[in-house]
Amino acid sequence: MSQTAKPLVRHPALKRNQLGLTQRDYEGSMSTLCAGCGHDSVTAAIVQAFFELEIPPHKAAKLSGIGCSSKTPAYFLKEAHGFNSVHGRMPSIATGANAANGDLIYIGISGDGDSLSIGLGQLCHAIRRNVNMLYVLENNGVYGLTKGQFSASADAGTRAKKGEENRMSPIDPASLAMTLGASFVARSFSGDKPQLVPLIKAGLSHRGFALVDVISPCVTFNDHEGSTKSYAHTRGHAQEVVNTDFIPFRQELQAEQGAGELTAVTMHDGSVVRFRSVSEGYDPTDRNGAYHHLKELQGRGEVATGLLYIEPTSLDMHALENMVDQPLVDVPFEKLCPGGDVLSKLQEHWR
Amino acid sequence: MSQTAKPLVRHPALKRNQLGLTQRDYEGSMSTLCAGCGHDSVTAAIVQAFFELEIPPHKAAKLSGIGCSSKTPAYFLKEAHGFNSVHGRMPSIATGANAANGDLIYIGISGDGDSLSIGLGQLCHAIRRNVNMLYVLENNGVYGLTKGQFSASADAGTRAKKGEENRMSPIDPASLAMTLGASFVARSFSGDKPQLVPLIKAGLSHRGFALVDVISPCVTFNDHEGSTKSYAHTRGHAQEVVNTDFIPFRQELQAEQGAGELTAVTMHDGSVVRFRSVSEGYDPTDRNGAYHHLKELQGRGEVATGLLYIEPTSLDMHALENMVDQPLVDVPFEKLCPGGDVLSKLQEHWR
Amino acid sequence: MDYDTRDHTNDFVLKIGTVNGTGSASANGILMQAIFRMGVPVSGKNIFPSNIQGLPTWYEIRANKRGHTSRSPHFDVIVAMNPKTYEQDIAGTRPGGSVLYDSSWPLDEALLRDDVSFLGIPLAQMCVESFRGSRKRTLMKNITYVGALAALLAIDLDVIDEILKEKFSSKPHLMDSNNSAIKMGHDYVLEHFDYPLPARLERMEATGDSVLMNGNMAAALGCVYAGATVGAWYPITPSSSLMDEFVALCKQLRKDPETGENLYCVIQAEDELAAIGIVLGASWAGARAFTPTSGPGLSLMNEFIGLAYYAEVPAVLFDIQRTGPSTGMPTRTQQGDLFQVVFASHGDTKHIALFPADPGECFHFAVHAFDLTERFQTPVFVVSDLDIGMNDWMCDRLEWDDTYRPDRGKVLSAEELQNMEVFYRYMDVDGDGIPYRTLPGVDPKGAYFTRGSGHDRFGRYTEDGDLYQEVMDRLAEKVESAADVLPEPEIIQVPGATVGIVTIGGCRGAVLEAIAVLADESIPVDFIRIRGFPFSKSINEFLLAHEINIVVEQNRDAQLRRLLILATDVEKKTLASVLDYKGNPLSADVVLRGVRERLGLIPVAVE
Amino acid sequence: MDYDTRDHTNDFVLKIGTVNGTGSASANGILMQAIFRMGVPVSGKNIFPSNIQGLPTWYEIRANKRGHTSRSPHFDVIVAMNPKTYEQDIAGTRPGGSVLYDSSWPLDEALLRDDVSFLGIPLAQMCVESFRGSRKRTLMKNITYVGALAALLAIDLDVIDEILKEKFSSKPHLMDSNNSAIKMGHDYVLEHFDYPLPARLERMEATGDSVLMNGNMAAALGCVYAGATVGAWYPITPSSSLMDEFVALCKQLRKDPETGENLYCVIQAEDELAAIGIVLGASWAGARAFTPTSGPGLSLMNEFIGLAYYAEVPAVLFDIQRTGPSTGMPTRTQQGDLFQVVFASHGDTKHIALFPADPGECFHFAVHAFDLTERFQTPVFVVSDLDIGMNDWMCDRLEWDDTYRPDRGKVLSAEELQNMEVFYRYMDVDGDGIPYRTLPGVDPKGAYFTRGSGHDRFGRYTEDGDLYQEVMDRLAEKVESAADVLPEPEIIQVPGATVGIVTIGGCRGAVLEAIAVLADESIPVDFIRIRGFPFSKSINEFLLAHEINIVVEQNRDAQLRRLLILATDVEKKTLASVLDYKGNPLSADVVLRGVRERLGLIPVAVE
Ligand SMILES: Cc1ncc(C[n+]2csc(CCOP(=O)(O)OP(=O)(O)O)c2C)c(N)n1
Ligand SMILES: Cc1ncc(C[n+]2csc(CCOP(=O)(O)OP(=O)(O)O)c2C)c(N)n1
Ligand code: SF4
Ligand code: SF4
Ligand SMILES: [Mg+2]
Ligand SMILES: [Mg+2]
């Protein structure tokens with residue numbers, strides 16, 4: 001493996017994980033996004049999450065649609081295959097790749113235009129199939145790459161840079177996902193790395209479809225006064241409902257620090273998600289209760305963040321489809337082709 | 001108008017409405033659906049609703065996608081224009097027609113395949129725009145016209161005629177619509193005409209997007225033991241949460257009959273929807289409460305029916321787009337074309 | 001063309017008109033199979049409505065000792081079970097033919113013809129007396145006419161008996177009723193009519209090496225044998241049965257012996273955009289993946305097809321054509337998607353296509369398609385149609401070479417990558433226009449970023465015109481080079497022919513039958529059937545070698561002719577057209593009339 | 001081709017290289033406008049990245065007294081503001097040209113050339129000293145180089161002053177800073193360099209009847225004047241600005257005077273499938289509706305386009321082409337969608353297309369498109385591209401005939417319906433292939449059922465092959481008949497020419513410039529520019545009248561040539577190709593090289 005060679009050339013000061021990799025080894029090419037774009041912070045959080053989870057970069061697959069957000073897979077995990085597909089159709093690419101090789105760790109990056117307009121149908125159906133992947137929705141309320149039109153997540157009353165107002169009510173990916181039966185739903189803010197990193201790690205470890213809706217401001221087209229997706233507005237209205245802490249499998253639990261009752265959920269791979277309800281009586285394992293709470297906050301103009309809902313024991317697409325554990329790409333042809341004798345037997349019935 | 005001529009040739013016994021039309025005048029061509037198909041009952045309910053609302057047939061426009069359900073607009077209102085478009089894309093056709101001529105009464109007919117698979121994105125966005133139309137989703141859990149594959153509304157655990165089981169959880173159009181902020185959400189059963197007719201009438205009078213999800217069994221492919229969309233199963237599990245009664249504008253309120261507290265909601269056109277909560281404490285004007293109740297029933301395997309949610313004062317697309325009241329198709333060209341002088345003035349700025 | 005002077009033994013067409021949803025399919029199947037087992041070449045064409053129950057539907061069986069089994073509209077025997085279509089069915093009977101009808105109700109005098117013999121059997125009445133339950137009675141009515149036809153057409157009762165035994169081995173309780181229905185119909189004929197009819201059967205030995213298949217079943221089998229593991233689809237007539245068959249076969253042949261788990265994954269997508277997306281994702285990850293669809297689905301796949309072409313992602317698409325444009329006539333056949341297939345998507349694109357003529361080729365071309373798509377790293381289309389895909393064809397028994405191994409094309413292994421200095425995805429290393437690809441998860445060195453946006457030979461994003469053009473020119477060269485390895489055209493030449501008939505797909509049978517008739521009239525014509533696009537040199541040579549080439553195809557706009565004009569050196573004016581696009585399987589009559597018109601043997605008919 | 005021996009007064013190319021997102025657009029606009037107002041023919045080409053901030057971007061201004069304003073790569077003056085591209089920008093300067101750069105930082109010696117004069121101005125430094133705030137400083141740097149160029153190119157300062165006054169009339173506080181920046185740059189040149197440069201301006205009177213426009217703005221204006229009321233779109237470069245302009249114009253011109261309510265409805269759809277669906281719904285209901293899009297969107301619209309064709313629903317589509325296939329290079333131009341446009345959707349289809357060459361035609365063809373789509377009841381495409389749509393063109397002032405009234409085609413009024421026996425939607429009453437249509441809500445007698453499934457001339461559902469064919473044949477005839485009323489080709493013929501150059505769209509300028517050069521060398525060639533499809537007779541005649549026709553177009557696969565081969569009588573071998581598909585606006589050089597090669601005047605370059 002090429003990594004083993006790397007440490008030699010690395011600067012000794014750089015911290016290494018069990019694989020001997022430094023955080024740099026999880027980075028990608030230089031970002032070409034605008035200085036200050038929220039998406040770059042999300043990229044940084046992803047890099048840290050993968051580094052801390054000690055995932056061999058090439059065992060991950062990065063998928064995206066089209067948009068500024070969808071460009072970002074080029075900016076992390078340079079040693080992983082990436083697929084920057086077409087606008088709004090990444091979920092189907094992910095579904096197919098997943099069917100072919102369930103052993104890879106799939107991370108999909110999308111934007112609010114990519115996911116909630118052109119891609120809404122595919123997103124909903126990937127959720128329904130519970131495709132095993134982390135789906136990061138970099139949500140800025142606008143179409144960045146096409147210069148700032150409102151997206152479907154733009155709040156009613158929010159104003160565009162040029163001043164005109166969006167009057168339609170937004171599509172909220174989190175409550176939508178919960179309604180559709182998603183097995184993992186979280187929301188965070190690109191400016192809140194301490195909250196975002198554990199959520200990404202939990203999402204990566206969740207077996208099934210993990211949606212992380214990240215408010216990720218567009219500094220160029222939607223960070224002005226009057227926008228409800230600006231840094232300022234988000235800082236002012238984000239309401240953490242659950243504080244999450246992720247302990248990867250193999251790492252011993254540290255002594256529980258801090259107050260408040262602490263719940264722990266164990267994932268398929270043995271990792272543990274620990275969370276502390278910040279918002280009074282919030283239980284992220286109770287779908288209807290969580291949904292209700294979410295909507296109440298929304299009613300008050302507040303944005304619930306944190307691990308909103310989790311169903312750690314849900315069946316993912318592979319289980320639902322009763323597929324073999326071995327990735328289909330690894331099944332030898334001999335096991336797939338029934339051969340000549342079977343063919344002649346079959347044809348006996350066709351006479 | 002041709003109707004005025006009709007009564008002469010009509011059989012005197014047939015009851016007539018204010019327009020002098022009989023129920024027959026609201027019918028269409030012979031149905032080619034299977035004997036016993038739920039969709040034909042929905043067609044009958046639509047005919048009755050239009051007759052009772054005394055709508056001149058040609059003032060309605062019938063739209064649909066593709067499917068057995070989508071064929072039904074041919075079976076009612078023969079004097080109305082119909083548009084049987086392509087699979088899953090009827091909402092966009094309706095949106096465009098509506099933008100061009102807001103004076104017509106739009107009724108869209110779709111199926112669960114048409115609406116929840118290929119058409120899911122368009123349905124969600126028509127809801128978001130609050131397009132002024134009645135959207136009837138004839139929901140049978142299968143793709144009838146293509147011979148019985150499961151649709152996205154098939155319940156987990158339901159079995160196909162050939163026996164294999166659907167393991168994915170269903171997409172429930174009602175709770176989806178409520179999550180997306182729909183202004184009118186109802187559910188009924190093709191076998192329950194007394195409940196269905198007033199809901200259709202209310203939906204037609206609602207200004208905005210009115211979704212009526214009708215469980216409409218497919219006798220050929222999904223009416224067997226083990227199906228959760230069969231006549232038997234639906235009869236057994238339908239739970240009316242609100243009993244609705246619709247009083248068109250101009251008709252004096254009859255003396256209130258029956259017990260239970262009765263609420264009345266007045267629509268844009270002055271018509272009144274009266275409902276009596278059957279299910280303890282159900283309030284169809286409280287979105288979150290109604291949603292919660294709905295989900296609870298769902299948890300118990302019961303299907304909530306009736307007027308699930310209504311927001312009579314919502315702004316429809318025309319209002320949101322600040323359009324003139326006059327249908328755009330009627331605006332004279334002279335008002336649309338700025339003329340030569342303006343053109344030369346404009347060009348002064350282009351030098 | 002007039003068959004009627006000929007002896008009709010083992011040479012007739014039987015047409016059965018019923019109401020759809022009344023279960024006549026299995027009865028008709030028994031008839032087909034019986035004729036087949038008597039060793040007589042036979043085919044069955046199902047002319048059904050886009051509806052589930054209550055509308056007219058027909059099944060046409062043609063038995064022909066010469067092996068001509070394309071559709072023929074010369075109906076010798078009509079089984080009229082649907083009063084709604086009595087008029088057209090009776091009118092459609094050839095002079096001297098017979099009409100078998102249900103005499104439980106009197107036949108309208110007005111419909112009678114004196115050049116046709118009417119055989120009334122009180123089928124409904126007999127079944128009401130002999131069976132219980134309306135569904136049962138309806139079904140048995142069908143079996144009863146089978147019994148009657150057995151007598152009228154001299155079908156061997158033992159053969160029918162054998163078929164029923166196989167059919168109902170699992171459900172013996174049905175055996176008795178079927179037997180008695182057969183007997184009932186048979187006896188009635190013996191008592192009341194002269195039998196057999198001039199249109200009759202006589203044992204032959206012409207079907208020994210053959211099987212009865214439809215193209216969708218065969219294509220599905222091809223996918224199984226090619227080692228396809230991921231299938232994605234959205235139901236659409238007439239392609240749905242391809243995936244139904246694939247699933248059925250996999251349930252039988254693709255379960256892990258120990259765990260019973262699936263060695264395949266079939267996903268019913270939410271629409272065709274998702275279906276092709278799933279296929280691209282699966283192929284990109286290294287699986288052999290495919291999607292069956294038809295016109296409307298193909299239109300929806302356009303954007304993704306362009307991505308696959310430009311990003312060089314394999315994908316196998318089956319286009320089971322139906323009558324277009326738009327929704328068109330979903331249960332009728334056509335060859336109207338040729339242009340859409342080869343030029344799908346915006347921008348400069350060109351796609352590889354295979355054109356099977358029958359179920360046998362559907363099987364072999366399906367296997368071939370997977371090799372081609374991986375070898376050339378571009379989408380490959382198998383272009384079939386409703387006639388090939390859903391009708392019952394007699395074909396040679398399928399053979400399988402157990403030494404076959406998939407051609408995965410240029411896929412680099414971890415070892416190969418390790419031994420490489422550096423890997424560049426779109427570099428033309430071998431000078432054949434085909435770059436090397438890598439699969440995710442194999443090795444960090446193989447990592448690259450797949451994109452539909454501008455990229456250079458290194459796989460890097462670019463907006464540089466020269467670097468962009470370099471890749472585009474290679475793509476053109478790559479796809480063109482496939483011409484050399486695609487199936488060669490089927491060519492049949494005769495001495496002295498100056499006229500060539502060019503055709504494609506399911507037109508084969510009708511064209512060969514027409515050529516046989518012309519041969520009898522000693523009018524020699526050569527035959528070429530295109531089997532792949534881009535076109536091979538041999539096609540060019542054939543066209544240039546003939547003074548006039550008549551292109552026979554089933555669409556309005558002469559799409560094959562257009563492709564020949566664009567992609568060969570032949571001069572336009574030497575390419576004539578015979579077009580049939582009414583939606584039914586092609587018949588030799590249409591070809592003959594067209595060819596005679598083009599050759600000036602008869603005046604051009606003005607329709 | 002080498003301009004360098006020529007006098008460069010009013011004949012030069014200025015190239016400004018900056019970083020995108022630094023607001024140089026308005027500075028460059030001022031330069032364009034100033035040259036224009038000095039009466040000198042000018043054009044501006046924006047070569048920008050598919051990115052929002054931080055990547056290289058260029059703006060090329062060409063001033064040419066002969067009126068040749070197509071792109072020219074012979075850069076006389078380079079303004080190098082982006083160190084990342086110094087190397088390529090300096091290398092691209094023509095011998096004898098000048099490079100203006102920011103000398104706040106030293107220029108790398110290695111980049112120096114002795115055949116180019118380097119003019120260093122410490123722009124950043126000067127702005128840091130004179131202005132506050134980083135954003136302001138960046139912006140003023142741009143205005144400062146405008147001032148410098150004013151001196152170097154001899155731009156009239158009054159003209160610039162006038163432009164600034166108009167620009168900032170609303171925000172006077174910006175006036176001062178801009179003035180001082182202009183002065184600062186101007187003075188610096190006066191102090192430090194010889195001025196003006198050989199590439200300089202001199203007042204002319206050649207722009208009096210012209211305006212500066214881009215095609216998207218002009219097309220949007222056409223939609224307003226045609227009376228379009230419903231627009232639906234999904235944002236996509238380079239078509240987005242068309243709808244932005246339409247909305248801006250409507251806000252100004254389409255408000256109800258009393259209520260201030262909108263006399264239009266623009267819907268930003270959830271995707272292109274919905275956008276075209278909305279257009280069909282609106283057209284069906286009787287509005288004039290349109291959608292602008294580009295390649296990927298066009299691919300997604302395929303299914304609906306087929307419905308519109310078969311169900312005969314009007315729709316106007318603007319395809320602002322960009323470099324394909326797939327996502328391709330979104331900010332580069334191409335003519336790669338010709339095939340996709342005219343044959344969009346599965347099954348037999350053919351669509352009417354208009355091909356504007358410049359913004360002026362975008363305006364007029366937009367209006368024409370609405371008349372055509374209603375007259376022929378079929379989708380009509382206006383096929384533009386990024387170069388026409390987004391770049392700054394000098395065009396004749398637009399004229400409007402106030403007597404114009406929309407041609408709604410055969411739409412029946414309530415009265416007409418009342419006086420009819422019965423109405424059938426698809427009946428060819430007038431024998432011209434065009435049936436009558438009705439709008440919903442007008443009269444019960446007009447009711448019919450619109451469907452994409454098989455239908456007969458009465459509008460009834462059918463699965464009957466003859467009835468189906470009758471409608472399909474009429475459709476073919478109908479669309480073909482449009483050829484007679486589409487804009488005739490632009491033809492320029494000279495005595496003794498045996499060679500024709502055929503082109504389309506935005507290639508016009510470069511081709512005419514090339515022809516002028518050939519004329520100077522007394523090589524006579526004729527010119528034809530296709531403006532519509534289906535092709536008119538005159539196109540056929542032109543092609544047949546020339547020994548060889550050289551087709552100049554901007555795509556890889558010679559799509560226009562292919563269409564000519566299919567739809568005219570010309571022999572393939574007489575059609576040669578000159579292709580340029582690197583993504584930049586066409587330049588005369590490319591045309592000249594190509595034509596000379598085809599004419600055997602120079603050997604074919606092997607790239
Ligand atoms: C089929 C298609 N339509 C339109 C576009 C143009 N387009 C590119 S990105 C984009 C929207 C991106 O918005 P979002 O997903 O929110 O990403 P962001 O740039 O805001 O991060 C659009 C409309 C496209 N590439 N493809
Ligand atoms: C693009 C496209 N894909 C597939 C089809 C085939 N098709 C016709 S109807 C249908 C499903 C109909 O199901 P539903 O909407 O539930 O209607 P139902 O017949 O059950 O009433 C499908 C897949 C089509 N017509 N168009
Ligand atoms: S435009 Fe907005 S979303 Fe795009 S890179 Fe810039 S800041 Fe980010
Ligand atoms: S198949 Fe099902 S849905 Fe279709 S008509 Fe028959 S019963 Fe109705
Ligand atoms: Mg966004
Ligand atoms: Mg259904």
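Computed over heavy atoms, backbone and side chain alike; hydrogens, waters and symmetry mates excluded. Letters A, B, ... mirror the listed sequences (proteins, then strands); counts begin at 1. The shown structure was predicted, so the numbers you read here are calculated from the model rather than taken from an experiment.
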(Q) Under a 4.5 Å cutoff for heavy-atom pairs, which residue among C:T323, C:D464, C:N584 has the most contacts with chain D? (A) C:T323
Q) Hey, which of D:R556, D:M329, D:Q340, D:Q335 has the most heavy atom pairs under 4.5 Å with chain C? A) D:R556
Q) Atom CD1 of D:I565 and atom NZ of C:K572: how far apart are they, to the nearest 0.5 Å? A) 8.5 Å
Q) Taking 4.0 angstrom as the limit, do C:E571 and D:K573 come out as a salt bridge? A) yes
Q. C:E463 versus chain D, heavy atoms under 4.5 Å apart: side chain, backbone, both or neither?
A. both
(Q) Under 4.0 Å between a side-chain nitrogen and a carboxylate oxygen: does that hold for D:K582 and C:D466? (A) yes
(Q) Quick check for you: among D:E470, D:Q334, D:R451, D:R561, which has the greatest number of heavy-atom pairs under 4.5 Å with chain C? (A) D:Q334
Q.
How long is the straight-line distance from OG of C:S299 back to CZ of D:F304, given to the nearest 0.5 Å?
A. 12.0 Å
Q. Can you say whether C:R332 sits under 4.5 Å from chain D via the side chain, the backbone, both, or neither, judging by heavy atoms?
A. side chain
Q. Which class fits the ring pair C:F339 and D:F343: parallel under 30°, tilted 30 to 60°, perpendicular over 60°?
A. perpendicular
Q) Side-chain contact, heavy-atom cut-off 4.5 Å: D:D319 with C:H346? A) no
Q | Interface moiety of C:L273 toward chain D, non-hydrogen atoms closer than 4.5 Å | A | side chain
Q | Closest contact, heavy atoms only, C:G328 versus D:Y310 | A | CA-CE2, 4.4 Å
Q) If you tally heavy-atom pairs under 4.5 Å against chain D, which of C:G454, C:G583, C:A344, C:P325 wins? A) C:P325
Q. Which residues satisfy the salt bridge (Lys or Arg N to Asp or Glu O under 4.0 Å) test with D:E480, sequence neighbours excluded?
A. D:K350
Q) Can you tell me how far OG1 of D:T327 sits from CD of C:E303, rounded to the nearest 0.5 angstrom? A) 6.5 Å
Under 3.5 Å, which donor-acceptor pairs do the side chains of residues 291-298 of chain D form with other protein atoms, sequence neighbours left out?
| unit_1 | atom_1 | unit_2 | atom_2 | d |
| --- | --- | --- | --- | --- |
| D:T291 | OG1 | D:A232 | O | 2.7 |
| D:S294 | OG | D:I320 | O | 2.6 |

